[in-house]
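Okay, so here's the structure we're looking at.
All ligand and atom numbering here is 1-based and tracks the order in the structure. No hydrogens, no waters, no symmetry mates; every other heavy atom, side chains included, goes into these values.
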Amino acid sequence: MRDLPAIAFDNSYARDLEGFYVPWTGTKAPAPKVLRLNTALAAELGLDASALATDAGAAMLSGGVTPEGAAPLAMAYAGHQFGGFSPQLGDGRALLLGEVIDRMGQRRDIHLKGSGRTPFSRGGDGKAVLGPVLREYLFGEAMHALGIPSTRALAATLTGEPVIRQKRPEPGAVLARVAASHLRVGTFQFFAARGEVDKVRKLADYAIHRHFPEIADRSDRYLELFRRVRDTQAALIAQWVLVGFVHGVMNTDNTAISGETIDYGPCAFIDAYDPKAVFSSIDELGRYAFGNQPPIMHWNLTRLAETLVELVNPDDSDDAVRQLTNEINAFPAHYQQFWLQGMRTKLGLFKKMPGDLDLANDLLTATEGQSVDYTGLFRALAALVRGDVTPARALFADPVRFDGWAGHYSRRMAGEDIRATERAKAMDRVNPIYIPRNHLVDAALKAAEAGDMGPFDRLIEVLSAPFTPQEAAEAFAAPAPADFGKFVTFCGT
Ligand code: AMP
Ligand code: MG
């Protein structure tokens, strides 16, 4: 214990929410070793990175040794998984180690995933393996660099123990994850499903204090809590769609109250714009397809609203349902506003004009069946704004499809008194050159599993500055080669 890194924990969940978790400790890993440490994030949290990288740090980050001041616990939560309700999920292979206040004064959870069985494990082994751990590490960093709210990896730690997955041994690993909190829609559902209204209220009060303290004194604070969660989620899903991200497993237990992206399992980025795009091997019906993400979040938020009925009006549930329904019904319009504003920014449009929604939609329609790289398209549009139409036209199998749209776009831009160079620069600030391309992620994880961390490190390096042209990084900007085929990911367990 003596040489464990000193961390100034302040564990509000353990302190304030007794009965919402089971105090628990991780399983001792046989030979823990920190494989990758996020030193920038460690600094942000005020942690001593060099102490985390030691043997004592590895023992702590794998869950087997509890540092001074931590109060490790397994959180209770329920969830709708692919539409079916599981009244008890909970941290079956994870622990909330504790909370720290970061350099900006924000409270952050330090959470371990793959730290061993807990009372919530059911049939599972409580473990995680290297590939999915590094996948979550990489995607969290990529999303963060793209400016999209996300949990982030603090460390990936090898346990030194092989774990059997799909009949073959894989290196066991633990992800140390940092989040604004681990409150989920499913946390509310766990207590609401048991009819424990007092606990739902306590949870809502906790969520308000932690994420929306400015509404704590409002008489309509529970309805307002719902509005705030709705709007942070509408903004989040718009950001996903604008950048071409498919989460892949938008169960209500993977929907965070904080508005951060959480739980990177079978996620991926699209190449061509395709609302039907599905990458997860288990999503056979396309419930969580790329274009289905806004309606699914609407559905998930409806499940959250159901847990808040008795809080919104304890005396008249019809009235509460009416008020909540009004707020739920506003989701699609709010989502569309966020998305449209995002598209304006991507297209370098400064003013709001009536035809903008059609202009944005027409661009996507023009790409249909043309195998246009979605990410590349917006950088090519910046080139067009600078006067070179060739890169954009070259993306289209039938460039005439593009020309018609480009005419509208030029007329729309002429309605604003903005210099082309300024407009193009503004576009380049929001349209990434580099995203986690499926074939590159795949190759980096395969190499890591074979003991070569080079491709993983290089990919993270490039993705950490997604808007800036980098030297010798052309391959990172290109879509998958034709022979890569249709990309399928398997649930990250
Ligand atoms: P996830 O798919 O990671 O969002 O997890 C969904 C639920 O399954 C959570 O309750 C997890 O704790 C649980 N779970 C996933 N994998 C395992 C595992 N290997 N052992 C025990 N529980 C697990
Ligand atoms: Mg989950």
Side-chain angles (χ1 to χ4, degrees), residues 20-22 24-27 29 62-63 72-97 109 111-137 139-140 150-151 153 156 159 161-191 193 246-258 260-267 279-283 287-288 296-297 300 303 489-493:
F20 291 70
Y21 59 84
V22 182
W24 202 254
T25 48
T27 305
S62 61
L73 57 88
M75 290 170 74
Y77 56 88
H80 276 88
Q81 300 185 304
F82 290 91
F85 187 59
S86 296
Q88 183 173 306
L89 294 168
D91 286 332
R93 55 162 168 171
L95 292 175
L96 173 60
L97 189 62
D109 279 3
H111 165 107
L112 305 175
K113 186 167 176 175
S115 50
R117 289 179 54 85
T118 77
F120 297 107
S121 296
R122 292 162 293 152
D125 61 7
K127 291 169 183 161
V129 294
L130 184 62
V133 163
L134 290 179
R135 202 180 157 73
E136 175 152 356
Y137 194 132
F139 272 90
S150 177
T151 66
T159 59
E161 176 192 50
V163 173
I164 304 294
R165 289 286 183 270
Q166 268 126 23
K167 292 190 182 147
R168 66 185 183 100
E170 294 188 37
V174 177
L175 178 78
R177 173 166 86 182
V178 173
S181 86
H182 282 82
L183 294 171
R184 309 147 188 268
V185 168
T187 320
F188 285 80
Q189 290 182 290
F190 183 91
F191 298 100
V246 189
H247 181 283
V249 60
M250 285 175 68
N251 296 332
T252 58
D253 52 299
N254 293 337
T255 299
I257 298 298
S258 66
E260 284 183 338
T261 311
I262 189 167
D263 268 5
Y264 295 92
C267 59
F279 300 94
S280 165
S281 62
I282 56 170
D283 192 3
R287 179 182 173 87
Y288 299 138
I296 284 292
M297 185 48 69
N300 288 354
R303 305 287 80 76
T489 72
F490 297 90
C491 203
T493 49

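Closest heavy-atom approach to atom 6 (C) of ligand 1 among the candidates R117, E136, Q81: Q81. Scanning P266, P132, G116, G92 for the heavy atom closest to atom 22 (N) of ligand 1 points to G92.
Without hydrogens or angle criteria, N251 side chain to F82 main chain gives a donor-acceptor distance under 3.5 Å. Checking side-chain atoms of Y288 against main-chain N and O of V246 turns up no donor-acceptor pair under 3.5 Å. The backbone N or O of H80 lies less than 3.5 Å from a partner atom in the side chain of T252, making a donor-acceptor pair.
Listed by number with element, the atoms of ligand 1 under 4.0 angstrom from any heavy atom of G126 are 18 (C), 19 (N), 20 (N), 21 (C). When each atom of ligand 1 is checked for a heavy atom of R122 under 4.0 Å away, the hits are 7 (C), 8 (O), 10 (O), 13 (C). Interface of R165 with ligand 1, defined as ligand atoms under 4.0 Å from a residue heavy atom, comprises 19 (N). Residue N254 has at least one heavy-atom neighbour below 4.0 Å for each of these atoms of ligand 1: 4 (O). Short contacts between ligand 1 and G124, defined as distances under 4.0 Å to a heavy atom of the residue, involve ligand atoms 20 (N), 21 (C). Heavy-atom proximity to K127, at under 4.0 Å, picks out these atoms of ligand 1: 19 (N).
If you look at Y77 next to ligand 1, the close heavy atoms, those under 4.0 Å, all belong to the side chain.
Looking at T27 and K127, their side chains never come closer than 4.5 Å, going by heavy atoms from C-beta outward. V22 is not listed as a side-chain neighbour of L73, based on a closest heavy-atom distance of 4.5 Å or more.
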Working for ring pair (Phe, Tyr, Trp, His ring centres under 6.0 Å), residues F190 and F20: CA-CA 9 Å; F190 183 91; F20 291 70; 8.9 Å; no

Verdict with reasoning, T255 to R303, per side-chain contact (heavy atoms from CB on, under 4.5 Å): CA-CA 11 Å; T255 299; R303 305 287 80 76; over 6 Å; no

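Ligand 1 has S121 within reach: a non-hydrogen atom of the residue lies less than 4.0 Å from it. Heavy-atom distances between G90 and ligand 1 reach below 4.0 Å in at least one pair.
For T159, the side-chain contact (heavy atoms from CB on, under 4.5 Å) criterion is met by A29, E161, V174, not counting sequence neighbours. For D263, the side-chain hydrogen bond (donor to acceptor under 3.5 Å, both in side chains) criterion is met by K113, R177, not counting sequence neighbours. Checked against side-chain contact (heavy atoms from CB on, under 4.5 Å), S150 has the following partners two or more places apart in sequence or in another chain: M143, T261, Y264.
Ligand 1 has a nitrogen or oxygen under 3.5 angstrom from a nitrogen or oxygen of D263.
Between S280 and G248, the shortest heavy-atom distance links the atoms CB-O, 4.2 Å.
Rounding to the nearest 0.5 Å places OH of Y77 at 5.0 Å from CG of D91.
Counting only protein atoms, the N, O or S atoms lying less than 2.8 Å from the Mg ion (ligand 2) are N254 OD1, D263 OD2, ordered by chain and residue number.
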